[in-house]
There are 2 protein chains.
Amino acid sequence: MRLIQEIDQTCCPPLVGSVLTETEAERLARALRVLAEPARLRLVSLVAASDGGESCVCDLTDRLDLGQPTVSHHLKVLTDAGILRREKRGRWAYYRIEPEPLELLRGALDPGTAGARQSTEAGVT
Amino acid sequence: MRLIQEIDQTCCPPLVGSVLTETEAERLARALRVLAEPARLRLVSLVAASDGGESCVCDLTDRLDLGQPTVSHHLKVLTDAGILRREKRGRWAYYRIEPEPLELLRGALDPGTAGARQSTEAGVT
DNA sequence: CGCACATATTGACAGCTATCGATATTTCCG
DNA sequence: CGGAAATATCGATAGCTGTCAATATGTGCG
């Protein structure tokens, strides 16, 4: 079994248009759960807005009013999901956004809703 | 305070581009949490795929391998969030998709990710 | 009216996870 | 090497929520 639950194409079939199987629903739910957390949303937002598109943990802990272990935990969850990428330089760990997973999730929420378009997993450009 | 947590514009500022405040993050997280659940994803998917765009609860309980109270609970959560709309006809309750909340959530996941576009809350058509 | 059916509500409980303090690990610096 | 700084991991705990059984509410039918 896979310990690291990365968000890939298999997680994001169109929410509408075809009925989700139990497995698909499970996968997509797990992916969404990663973002369904205030601290993690703020982290993503902070990282994305930061200069050069990356932040080190120390900057993030300062802004979040949460303990360092907690921030580290959330960063791990986001990284395991593939939403953030970690790069260690010297003593510091820098995080930056990985655009694709967010796009895939967006895609999962996309179609049928307004009339069953078909975007699926193809068009991430 | 508001008991019913409906998904509206206030829940979905762009995830990136500006840094989410604690309140904004809380709101968006709560909205995402509604969908971050396998049973609810399947319900949305089932309703959307159903004939005429609506299902009654009895159809849904059959397909979900969950007790009727549980299904009813999930339907309530989805309805309170504004994702489903409930209409009672005779003894039956019919649920259908309300497209806008899903679109708003999609919008929240949209922009900056790839370079801070500005779609925000305007273009739902 | 009274029963049967469809759905909703209630109360209880188990499982998950966000959070923290303590500690381990890694890396630089002198 | 030794110590300090940055980050990660661990173990414990509290709060939330998905689930169910039991029951309530509503609605048509005879």
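Numbered from 1 within each chain, the chains take letters A, B, ... in sequence-line order.
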- Item | E103(A)/R106(A) ion pair, N-O < 4.0 Å | yes

- DNA chain D contacts made by residues 54-62 of chain A, counting heavy atoms under 4.0 Å: C56(A), V57(A), C58(A)

- Just call it for R89(A): base, sugar-phosphate, or nothing, with non-hydrogen atoms closer than 4.0 Å on any strand. nothing

- Protein-nucleotide distance (D80(B), atom CG; dA8(C), atom P), rounded to Å: 11 Å

- Message: Between R42(A) (side chain only) and L20(B) (backbone N and O only), is there a donor and an acceptor less than 3.5 Å apart?
- Response: yes

- Message: Minimum heavy-atom separation for A93(B) and R86(B), please, with both atom names.
- Response: CB-NH1, 3.8 Å

- Residue K88(B), side-chain atoms from C-beta onward, closest of dG26(D), dA6(C), dT9(D): dG26(D)

- Measure from the side-chain N and O atoms of T61(A) to the backbone N and O of V57(A), and report whether any donor-acceptor pair falls under 3.5 Å. yes

- Query: Distance check: side-chain N/O of Y94(B) vs OP1/OP2 of dA6(C), anything under 4.0 Å?
  - Reply: no

- Query: Of all heavy-atom pairs between G82(A) and P101(A), which one has the smallest distance, and what is that distance?
  - Reply: O-CG, 3.1 Å

- Query: More than 12 non-hydrogen atoms from neighbouring residues, nucleotides or ligands closer than 6.0 Å to CG on D62(A), yes or no?
  - Reply: yes

- Within the structure, does a side-chain N or O atom of R33(B) lie under 4.0 Å from either OP1 or OP2 of dT17(D)? yes

- Query: Within the distance-only criterion (no hydrogens, no angle test), does the side chain of S72(A) pair as donor or acceptor with the backbone N or O of P69(A) below 3.5 angstrom?
  - Reply: no

- Run the salt-bridge test on D59(B) and R63(B) with the 4.0 Å N-O cut-off and return the result as yes or no. no

- Residue R40(A), side-chain atoms from C-beta onward, closest of dT9(C), dT17(C), dA18(C): dA18(C)

- Message: Nearest whole Å is fine: how far is dA18(C) C1' from K76(A) NZ?
- Response: 16 Å

- Message: With a 4.0 Å cut-off on N to O distance, would you call R89(B) and E54(B) a salt bridge?
- Response: yes

- Is the phosphate of dA8(D), meaning OP1 or OP2, less than 4.0 Å from a side-chain N or O of R86(A)? yes

- For nucleotides 19-24 of chain D, just jot down a letter per nucleotide in 5' to 3' order: B, S or -, based on protein non-hydrogen atoms under 4.0 Å. BBBB--

